[in-house]
Amino acid sequence: VVNEFCERFSYYGMKAVLTLYFIHYLHWDKNLSTAVYHAFSSLCYFTPVLGALIADSWLGKFKTVIYLSIVYVIGHVVKSVGAIPDVGDSTVHVVLSMLGLVLIAFGTGGIKPCVAAFGGDQFDEEHTEERRKFFSIFYMSINAGSVLSTIVTPILRGDVKCFGGDCYALAFGVPAALMVIALVVFIAGSGLYKKSPPEGNVLVCVCKCIGFAIRNRWKNSKKSPKRSHWLEWAEEKYPKRLIQEIQMVFRVLVLYIPLPMFWALFDQQGSRWTLQATRMNMDFVMGVCFCVVKMLNALLILVFIPIFDMGIYPLIGLCRIKLTPLRKMAAGMILAALAFCAATVVEINVIKSVVEPPPAKESLVQVYNLMDSEVTVQFPGHTVLSDPLKSYEVTSLQTNTDCILRCLYLTYLKCLVCVYYHNTLLFINTHTENINITVGTDEFYAAANYGISQNISVPRGEYNGVVCETNSDQYHIDLGLLDFGAFYTVILSKESNGLTLKKMEDIQANDVHIAWQVPQYVFITAGEVMFSITGLEFSYSQAPASMKSVLQAGWLMTVAFGNVIVLIVAEGAGMEQWTEFLLFAGLLVAVSIIFSIMAYFYTYVDPDQLDKIFREDTDDEKVGSSDSKKNEAVSLNDMPKQTKM
């Protein structure tokens, strides 16, 4: 349990800041960051099949967890080193980051199917109640690790500064330390564990049986009579029970085909929804921070599970509505689609106040009129500004250009033309002396005679009594509230009564509060409860005991393919974000209809019936065998006596 808590803290803590790391540290765009994030998530759910093969066929669960945990730790260390600015150039950072993610994917995916199964192996068959309590505590440790890491890691990234910026190295280093603790704790209990030797992987056996049936059918299809099911062509080599079990598994795997679309929506919480949140107003009351929204899914899971089990499902039953597992899963898909409809509405309102960066070969130009009268600005060869600018008016325009405009000072007009760079605060100094401005912990320098300071992002807050120093005097100014997402230009002028300012809000603040994301998290979590938990329960109830690991691998593969879908759409669609959200919602509704039709024709089975059927067959064989022996004895007694040789 301690191992799983530390491992989940390590995994979710790293993923909590991964998308922001791609954008702000590696300087990737949103689409590339989303694509790599989901490629990594997909790899994490493909590798459990490899881990299960290693554990069951070669090393056993205990050694597999140890060896792959070491790979896991190495991956975290490499990832942390790649986040240190002083280590090489940007190419080195990208290489180390990708290598670290690959090692982490093999580590977390490899031990995923082993830890829970190894814990279950510690209980004998008669200790069913103790085993049930263990898995309850085990599941709680997963969510506890997820919740805690989602709080701690963003704080380490944003509030702790190192190497002159956000401390991604520390944010990745702490999960590495937790993974080391997980490994040490797991090894420390070695003498207390019940270690089962590898017994061969049933997944390999299933694949061999399917392959033999296909080859045998291909060779003998014209010569032999038809059989009721194509898997029966494996009867020459494999027992009938195994073939019957594989047929049962195939019926469930066919139902898995539409399921990746749900995970395509669900896993965007860590990519697209995170990027949406960064463009919203994060002003919370009573010290509540952005990380609360990030961990909202894990918190709501803990709340919704008992509500659904003890409240909603019994109430639906009282209404005489038969809520089968497949109907629950279809309802979960609809809830996830509603979550993305809510995300679409939020996105439409967010983009109203967000200025997107200009595309290639274009510049976003802002023109300020610092005169007391109207002025007209003309660019040679361009007609981008046709109307005159009023006094202290700012206008923005996007123009085609082959050069990057940084700053152009027009002395005879007292106008400034600047390119917008998505930063928060900019000072223009019209005073005849140089000015040093201190805003919180950030320092600005604006040269005399219309000098321009550098653009610096400062935290949201009220900035009163800001110190401005010249060579001859010191002044205090009030900047007021600097809000999320806004771009402010502050024009400083020397008047007879001191230093005066003119604060201009060039880009409006993010006026859509991040609390508007709560409904979409509520919908997606409710959908997860009805879809994911019910899906696991359905899969296990419809699979024979020896095939549960096969279905577990199939279930994890649906998560992997769901991330592949996002990867394809993010790289290939090229549409606006709100239309992409709407596309995903529409696709999931269509998939849920297809799934509902498939579920309508599905017949629920009882895997225990196989035990009964084959037990009866065995008993019949025994009875037949004993009867034949009696007949043989009778026939021997009836034989005439012969002379001994």
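Along the sequence shown, the residues carry numbers beginning at 1.
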Residues at least two apart in sequence or cross-chain that pass side-chain contact (heavy atoms from CB on, under 4.5 Å) with Thr91, listed by chain then number, are Asp89, Val95
Do Asp478 and Tyr463 have side-chain atoms, one donor and one acceptor, less than 3.5 Å apart? no
Rounded to the nearest 0.5 Å, how far does CG of Leu501 lie from CG of Leu492? 6.5 Å
For Phe340, the option from Phe262, Trp273, Trp578, Phe523 that meets ring-ring contact (aromatic ring centres under 6.0 Å, His included): Trp273
Gln577 and Gln276: side chain donor to acceptor below 3.5 Å: no
Any side-chain heavy atom of Val439 within less than 4.5 Å of one from Phe444? yes
Within-4.5 Å side-chain heavy-atom neighbours: Tyr445 and Asn434: yes
Decide whether Glu4 and Ser141 meet the rule of one side-chain donor and one side-chain acceptor closer than 3.5 Å. no
Per the ring-ring contact (aromatic ring centres under 6.0 Å, His included) rule, what does the pair list look like for residues 76-108, sequence neighbours excluded? Tyr25-His93, Tyr72-His76
Quick one: does Arg279's side chain get under 4.5 Å of Glu347's, heavy atoms only? yes
Taking the side chain from Gln268 and the backbone from Ala264, do they hold a donor-acceptor pair closer than 3.5 Å? yes
Are Phe266 and Val559 side-chain neighbours, meaning at least one heavy-atom pair lies under 4.5 Å? no
Value rounded to 0.5 Å, distance of CG in Asn297 from CD in Gln269: 4.5 Å
Pair Lys503-Thr489, side-chain donor/acceptor within less than 3.5 Å: no
Under 4.5 Å between any side-chain heavy atoms of Ile301 and Val529, yes or no? yes
Starting at CD1 of Ile70, measure out to CD1 of Ile74 and round the result to the nearest 0.5 Å. 7.0 Å
Under 3.5 Å, is there a donor on one side chain and an acceptor on the other for His431 and Ser493? no
Straight-line distance of Ser10 OG to Lys15 NZ, nearest 0.5 Å: 12.5 Å
Keeping Thr525 on the side-chain end and Tyr521 on the backbone end, is there a donor-acceptor pair under 3.5 Å? yes
Distance in Å, Arg8 CZ paired with Ser149 OG, rounded so as to fall on 0.5 Å steps: 9.5 Å
Is there a side-chain contact between Trp28 and Ser33 (heavy atoms, below 4.5 Å)? yes
Once you round to the nearest 0.5 Å, how far does NE2 of His476 lie from SG of Cys468? 8.5 Å
Spell out, as yes or no, whether a donor-acceptor pair under 3.5 Å connects the side chain of Asn3 to the backbone of Glu7. no
Mind checking whether Tyr168 and Tyr21 have parallel, tilted or perpendicular rings, split at 30° and 60°? perpendicular
Pair Arg272-Thr34, side-chain donor/acceptor within less than 3.5 Å: yes
Min side-chain heavy-atom separation Ile565-Leu587 under 4.5 Å: no
